[in-house]
K.L.:
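Input: one structure, supplied below.
Letters A, B, ... mirror the listed sequences (proteins, then strands); counts begin at 1. This is a predicted model, so every value here is computed, not measured.
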2 protein chains.
Amino acid sequence: MKIQELDADRLDMAANMLKAMAHPMRIAILKHLEAGKKLTVTEIHELLGIEQSTTSHHLGILKDKGVLCSRREGKNTFYYLKHDILSQVINCLQRCTCGE
Amino acid sequence: MKIQELDADRLDMAANMLKAMAHPMRIAILKHLEAGKKLTVTEIHELLGIEQSTTSHHLGILKDKGVLCSRREGKNTFYYLKHDILSQVINCLQRCTCGE
DNA sequence: ATAGTATATTTATATATTTGCATTCGTCTA
DNA sequence: TAGACGAATGCAAATATATAAATATACTAT
């Protein structure tokens, strides 16, 4: 894996994904979306006990930065991980924040 | 893996680690520190072509948030990953930013 | 069309981050 | 001890981000 593969554009893209994930509430959201799960905005806002508009805003950020995808089905919009592999990132962090 | 394990403190800690990593230059730094490699501030600032003070600042952030460790040896300070597992995060991102 | 529910966007204010420069601090060596 | 070198810090300007409230849009059922 060569360094030059990580050109400026890809670094920016990666940084944007991380930046989107770098928020306690958004990590909690991602935690609920592991293993290909799909949840609606309302389900998430009820699960986490935060405002609907706040939830939608967080989801919008995650989607905008390429972490999540969404699919509308009737009145609901389901959100899910764009890359299943991103569950690994959350799990890594979980392990790293275990014994400190 | 239960949700309640991810209490507020650990979410904050995880978010802080991600925030520390969520910067193009810092991702580039981490890329150079894969596989247990240890580099000095000067080596990194020359590898990346950025100011020494900027480099030191970025390294300080990564260390402060628990991503890196450092060890002084004479005039030099070597920086290295606190958890080898964090290489996985970088690799995940690399794969996720491949074909977009 | 209208009402009701589900999402999304906009706005403004407050707060934080990035960066380079100059300076300072530690450590080694002549 | 002085000078050189590597690293860390303080500062300030530009830029970016968070937050919450208000408003707007999209769809469904009647």
K.L.:
Within 45° of the ring axis of Tyr80(A) and under 6.0 Å from its six-membered ring centre, is that where the NZ or CZ of Lys38(A) lies?
P.N.:
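Satisfied, under 6.0 Å and within 45°.
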K.L.:
Rounded to whole angstroms, how far apart are CG on Asp64(A) and C1' on dT9(C)?
P.N.:
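Computing the Asp64(A):CG to dT9(C):C1' distance gives 13 Å.
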K.L.:
Give the residues of residues 35-42 of chain B touching DNA chain D, defined as any heavy atom closer than 4.0 Å, sorted by residue number.
P.N.:
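Heavy-atom contacts with DNA chain D come from Thr40(B), Val41(B), Thr42(B).
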K.L.:
In whole Å, what is the span from the CD1 atom of Ile44(A) to the C1' atom of dT7(C)?
P.N.:
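Going from Ile44(A) (CD1) to dT7(C) (C1'), I get 12 Å.
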K.L.:
Using atom names, set out every protein N or O paired with an N or O of nucleotides 18-27 of chain D below 3.5 Å, distance rounded to 0.1 Å.
P.N.:
residue	atom	partner	partner atom	Å
dA18(D)	OP1	Arg26(A)	NH2	3.4
dT19(D)	OP2	His23(A)	NE2	2.8

K.L.:
Can you measure Ile50(A) atom CD1 to dT7(C) atom P for me and round it to whole angstrom units?
P.N.:
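One finds 13 Å between P of dT7(C) and CD1 of Ile50(A), rounded.
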K.L.:
For the pair made of CD in Glu46(A) and P in dT7(C), what is the distance, rounded to whole Å?
P.N.:
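Atom CD in Glu46(A) sits about 10 Å away from atom P in dT7(C).
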K.L.:
For the side chain of Arg10(A) and the backbone of Gln94(B), is there at least one donor-acceptor N/O pair under 3.5 Å apart?
P.N.:
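Checking the backbone N and O of Gln94(B) against the side chain of Arg10(A), a donor-acceptor pair under 3.5 Å is found.
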K.L.:
Is any side-chain heavy atom of Leu59(A) less than 4.5 Å from a side-chain heavy atom of Ser70(A)?
P.N.:
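Side chain of Leu59(A) against side chain of Ser70(A), heavy atoms only: no contact under 4.5 Å found.
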K.L.:
Take atom CE of Met25(A) and atom C1' of dT17(D), then tell me their distance rounded to the nearest Å.
P.N.:
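Going from CE in Met25(A) over to C1' in dT17(D) covers 17 Å.
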K.L.:
If we only count heavy atoms from C-beta on, is the Cys96(B) to Met17(A) side-chain gap below 4.5 Å?
P.N.:
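They are in contact (side-chain heavy atoms under 4.5 Å apart), so the answer is yes.
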K.L.:
Would you kindly give the CZ-to-P distance between Arg71(B) and dA7(D), to the nearest whole Å?
P.N.:
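In whole Å, dA7(D) P lies 14 Å from Arg71(B) CZ.
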K.L.:
Would you mind reading off the distance between Leu59(B) atom CG and dA7(D) atom P, rounded to a whole angstrom?
P.N.:
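Taking atom P of dA7(D) as the reference, CG of Leu59(B) is at 9 Å.
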K.L.:
Do the side chain of His23(B) and the main chain of Met25(B) share a donor and acceptor less than 3.5 angstrom apart?
P.N.:
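Side chain of His23(B) to backbone of Met25(B): a pair is present.
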K.L.:
Should Asn76(A) be listed as having a side-chain N or O under 4.0 Å from OP1 or OP2 of dT7(C)?
P.N.:
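So the side-chain polar atoms of Asn76(A) do come within 4.0 Å of the phosphate oxygens OP1 or OP2 of dT7(C), strictly under.
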K.L.:
Under 4.5 Å between any side-chain heavy atoms of Leu30(A) and Val89(A), yes or no?
P.N.:
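No, every pair of side-chain atoms sits at 4.5 Å or beyond.
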K.L.:
So, is Ser56(A) close to the dT7(C) phosphate, meaning a side-chain N or O under 4.0 Å from OP1 or OP2?
P.N.:
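So the side chain of Ser56(A) is outside the cut-off, no N or O lying under 4.0 Å from OP1 or OP2 of dT7(C).
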K.L.:
Reckon Tyr79(B) touches a base, only the sugar-phosphate, or nothing at all at heavy-atom distances under 4.0 Å?
P.N.:
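Answer is sugar-phosphate: Tyr79(B) comes under 4.0 Å of backbone atoms only.
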K.L.:
Between Met21(A) (CE) and dT17(D) (P), how many Å, whole number?
P.N.:
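Distance check: Met21(A) CE to dT17(D) P gives 15 Å.
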K.L.:
Only pairs under 3.5 Å count here: list side-chain donor-acceptor contacts from residues 51-58 of chain B, not counting sequence neighbours, and write none if there are none.
P.N.:
residue	atom	partner	partner atom	Å
Thr55(B)	OG1	Glu51(B)	O	2.7
His58(B)	ND1	Arg26(B)	NH1	3.0

K.L.:
Please check if the side chain of Glu46(A) supplies one atom and the backbone of Glu43(A) the other of a donor-acceptor pair under 3.5 Å.
P.N.:
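Such a contact is absent between Glu46(A) side chain and Glu43(A) backbone.
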K.L.:
Report which part of the nucleic acid Thr77(B) touches: base, sugar-phosphate, or nothing (heavy-atom distance under 4.0 Å, all strands).
P.N.:
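Sugar-phosphate, backbone atoms only, no base.
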K.L.:
Between Lys31(A) and Glu34(A), is there a salt bridge with N-O shorter than 4.0 Å?
P.N.:
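Yes, Glu34(A) and Lys31(A) are salt-bridged.
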